[in-house]
Amino acid sequence: MSDTQAQFSVLRQTADPDVIDAMERLIADGHDRELNRINLLDFSGRTGLDQEKVISGFLHASRLGLFDMSWNVLCPGCGGVLDHHASLKSLRHDDYNCALCACGYEASVDELVEVAFTVSPRVRHIAAHEPNSLPIWEYFRQMFWSSGIDFDEKTLSTLINEVTLEGLELPPGEKALLSLNLPNEFVIVFEPVTHSAHFFAVDGEPTTERQQFSIAFNKLQAPTGTSTMRPGPLRLSLENQADVRVLPSVWIAGDPLHKLLGKRKPILTAKRMLSNQTFRDVFRADNLNVDQRLKITALTFLFTDLKGSTALYERVGDLVAFDLVRAHFHALLDIIASEHGAVVKTIGDAVMATFIKPEHALSAGLRMRAAMKKLNAERGKEDLIVKIGIHEGPCLAVMLNERQDYFGQTVNIAARVQSLSTSQEIHLTQPVMESPEVAGILDRAAIKPIQKEAALRGIADKLVVYEIP
């Protein structure tokens, strides 16, 4: 049995068999480019497999060494990969700049960091394992643009035939001289390896006189510059001062390019990965460095607490109470995972969980309440009363006590909102209630939330909250 077969044999013990079968077919029959920076949401859609099972399967496969996981910092404007990391620990705190868009961005993990998977060279060697040998247009398709750009053969044809005036490979230390005829449109000279660009604002009366311009490529990340040119002939001198091959291309920044960049598909974001239970379990020690503070602009927190647990131990004894509390935890944790959430930590009899969307948190809360009623009905007593609070807002992803955790006022408010519950009711905050999907869940369940103001400990102003009776 080969090493790869042995790894797949181990993988079958932890991952969904249909996902593994699809994974094996991809490795055996897929085109090279299909095995580079695999977009798991796209893979799920094409195979008809459940997204969560696909993500879990590839995470386990990555841990076994079948795939390499990468965290790619994206430009929201053009979808280009500004930087890529083998671990989230390498993500920088400072801004990332896109030369093509002439903009800087802070690497928020909400939408600007994608998680993609590439087959390991030990399993199958593909062209992208040696990116500097990729043909120019395959480099753009596979290395510069993210897995969120819908880059098919038609898109590639548009790039080559409608957007590009000239494109070439320029080895280290070499020069090239291009003769171009500038149209009366905005023109970009873009180089993806050094991620540099120069803009030509082409304007005015056409000229027959040859214009001259020189550009040198290196790794200094010089600011994008703009020069004014007239429509007509241009002699463009290019020099590669870098120690790697560069791929300068001259593009017309018109509608075809904008349409190309607008063809997007959903991606697996770092935010979603950080709230994935399998990732938290399998890559527990590989999430963040202790000094990292990653901003998340919106995350939903659910806090629970078991009411009167101390009295419960007093009333029924340690052994019975322990079994009850354990059954309560088992039910809650299963529900959180099935509703696309992740447990951040348990504190005594309390649970802190995160969800990407507020409707998932509310669905989890309603199911938790039903599960406690079922457990109580089985015993003929009302011993298990779970208080639940849900809040959404910005936060920081951090490492605390060797565990990925979250910090900020959003977390504080979510914990305090939970404390408002006295029985089996759930309390939601205004940001959660503003979600149309949350309103839809409540309407379908014929639940009428009760609006009220609440003073929360440690929070200066009163908060509008909604009780789900």
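We count residues from 1, following the sequence as given.
Of the listed residues (I335, L362, D334, L332), just one forms a side chain to side chain contact (heavy atoms under 4.5 Å, CB included) with R367, and that residue is I335. Looking at L134, N132, V193 one by one, the single match for side chain to side chain contact (heavy atoms under 4.5 Å, CB included) with L247 turns out to be V193. Each of W145, W137, F140 was compared with F151 under the ring pair (Phe, Tyr, Trp, His ring centres under 6.0 Å) criterion, and only W145 meets it.
Side-chain contact between F283 and M273: absent, with no pair of heavy atoms (C-beta onward) separated by less than 4.5 Å. In this structure, D305 and D349 have side chains that are in contact, with non-hydrogen atoms separated by less than 4.5 Å. Here the side chains of L428 and P449 are not in contact, with every heavy-atom distance at 4.5 Å or above. Counting heavy atoms from C-beta outward, K271 and T297 have side chains that stay 4.5 Å or more apart. Residues V411 and M352 form a side-chain contact, since some pair of their non-hydrogen atoms from C-beta on lies under 4.5 Å apart. For the pair K295 and P394, the minimum side-chain heavy-atom distance is 4.5 Å or more. Within the 4.5 Å cutoff, no side-chain heavy atoms of I356 are placed close to those of T300. Counting only heavy atoms from C-beta outward, the side chains of Q277 and T354 never approach each other to under 4.5 Å.
At distances below 3.5 Å, not a single donor-acceptor pair connects side-chain atoms of E138 with backbone N or O atoms of P135. With N39 contributing its side chain and P266 its backbone, the two residues share a donor-acceptor pair below 3.5 Å. Side-chain atoms of N36 come within 3.5 Å of backbone atoms of Q142 as a donor-acceptor pair (strictly under, hydrogens ignored). Not one N or O on the side chain of H340 forms a donor-acceptor pair closer than 3.5 Å with the backbone of S275. For the pair R37 (side chain) and M143 (backbone), a donor-acceptor distance under 3.5 Å is present. Side-chain N or O atoms of S44 include one that pairs as donor or acceptor with a backbone N or O of L49 at under 3.5 Å. Remark: side-chain polar atoms of R280 are paired, donor with acceptor, to backbone N or O of V344 under 3.5 angstrom. Here the side chain of Q7 pairs a donor or acceptor atom with the backbone of L64 at under 3.5 angstrom. Of the possible polar contacts, one joining the S146 side chain to the G148 backbone as a donor-acceptor pair under 3.5 Å is found. Side chain of H129 to main chain of I126: a donor-acceptor pair is present (N/O by atom type, distance under 3.5 Å, no hydrogens or angles).
Legend: residues meeting ring-ring contact (aromatic ring centres under 6.0 Å, His included) with Y466, ordered by chain and number and at least two apart, are absent.
Separation of atoms NE2 (H427) and CZ (R416) is listed at 15.5 Å; rounding is to 0.5 Å. Of the inter-residue distances, the one linking I441 atom CD1 with I447 atom CD1 reads 9.5 Å to the nearest 0.5 angstrom. Interatomic distance, L456 CG to N412 CG, rounded to the nearest 0.5 Å: 10.5 Å. With rounding to the nearest 0.5 angstrom, the CD atom of E339 is 12.5 Å from the NZ atom of K357. I388 CD1 to F303 CZ: the interatomic distance, rounded to the nearest 0.5 Å, is 13.0 Å. Annotation: the span from T410 atom OG1 to E392 atom CD amounts to 8.5 Å, rounded to 0.5 Å.
Counting non-hydrogen atoms of neighbouring residues, nucleotides and ligands closer than 6.0 angstrom, the NZ atom of K263 exceeds 12 such neighbours. Heavy-atom neighbours of K265 NZ from other residues, nucleotides or ligands within 6.0 Å: above the threshold of 12. Enclosure of atom NZ in K452 by more than 12 non-hydrogen atoms of other residues, nucleotides or ligands within 6.0 angstrom is indicated. Heavy atoms of other residues, nucleotides or ligands lying less than 6.0 angstrom from CZ of R264 number more than 12. By the 6.0 Å contact criterion, NE2 on H330 is open, its count of non-hydrogen atoms from other residues, nucleotides or ligands being 12 or less.
Checked against a 6.0 Å centroid threshold, the rings of H195 and F144 count as neighbours. Checked against the 6.0 Å centroid criterion, the rings of F58 and F43 qualify as a close aromatic pair.
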Task: Derivation and outcome, salt bridge (charged side-chain N to carboxylate O under 4.0 Å, His left out), residues E153 and R141 - done: CA-CA 10 Å; E153 295 304 317; R141 178 194 281 196; 3.0 Å; yes
Task: Derivation of the side chain to side chain contact (heavy atoms under 4.5 Å, CB included) call for M368 and L302 - done: CA-CA 11 Å; M368 289 173 180; L302 180 148; 3.8 Å; yes
TODO: Starting from the C-alpha separation in whole Å, work towards a yes-or-no answer on side chain to side chain contact (heavy atoms under 4.5 Å, CB included) for L463 and Q430.
DONE: CA-CA 8 Å; L463 218 65; Q430 185 75 39; over 6 Å; no
- [ ] Start with the C-alpha gap between L274 and L299, add the side-chain angles, then the distance that decides, and say whether side chain to side chain contact (heavy atoms under 4.5 Å, CB included) holds.
- [x] CA-CA 11 Å; L274 290 175; L299 192 64; over 6 Å; no
TODO: With ring pair (Phe, Tyr, Trp, His ring centres under 6.0 Å) as the test, would you mind laying out the steps for F279 and W71 before giving the verdict?
DONE: CA-CA 13 Å; F279 175 73; W71 305 76; 5.6 Å; yes
Open item on the list: Evaluate F301 against T429 for side chain to side chain contact (heavy atoms under 4.5 Å, CB included), listing each step before the verdict.
Closed with: CA-CA 11 Å; F301 290 88; T429 60; over 6 Å; no
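Closest of all the heavy-atom pairs between I188 and A197 is CG2-CB, 4.4 Å. In terms of heavy atoms, C75 sits closest to C101 at SG-SG, 3.6 Å. Counting all heavy atoms, side chain and backbone alike, A61 lies closest to L11 at N-CD1, 3.6 Å. Across every non-hydrogen atom of E130 and S133, the tightest pair is O-OG, 2.7 Å. Across all their heavy atoms, L40 and F117 have their closest contact at CD1-CE1, 3.4 Å. Across every non-hydrogen atom of G389 and V417, the tightest pair is CA-CG1, 4.0 Å.
By the 30° and 60° cut-offs, the orientation of the rings of W251 relative to F190 is tilted.
The list of salt bridge (charged side-chain N to carboxylate O under 4.0 Å, His left out) pairs with a residue in residues 423-450, not counting sequence neighbours, is empty.
In this structure, R272 pairs ionically with E52, as a charged nitrogen and a carboxylate oxygen lie closer than 4.0 Å.
Side chains of R25 and T47: no donor on one and acceptor on the other come within 3.5 Å. Residues D152 and T155 have side chains that bring a donor and an acceptor to within less than 3.5 angstrom of each other.
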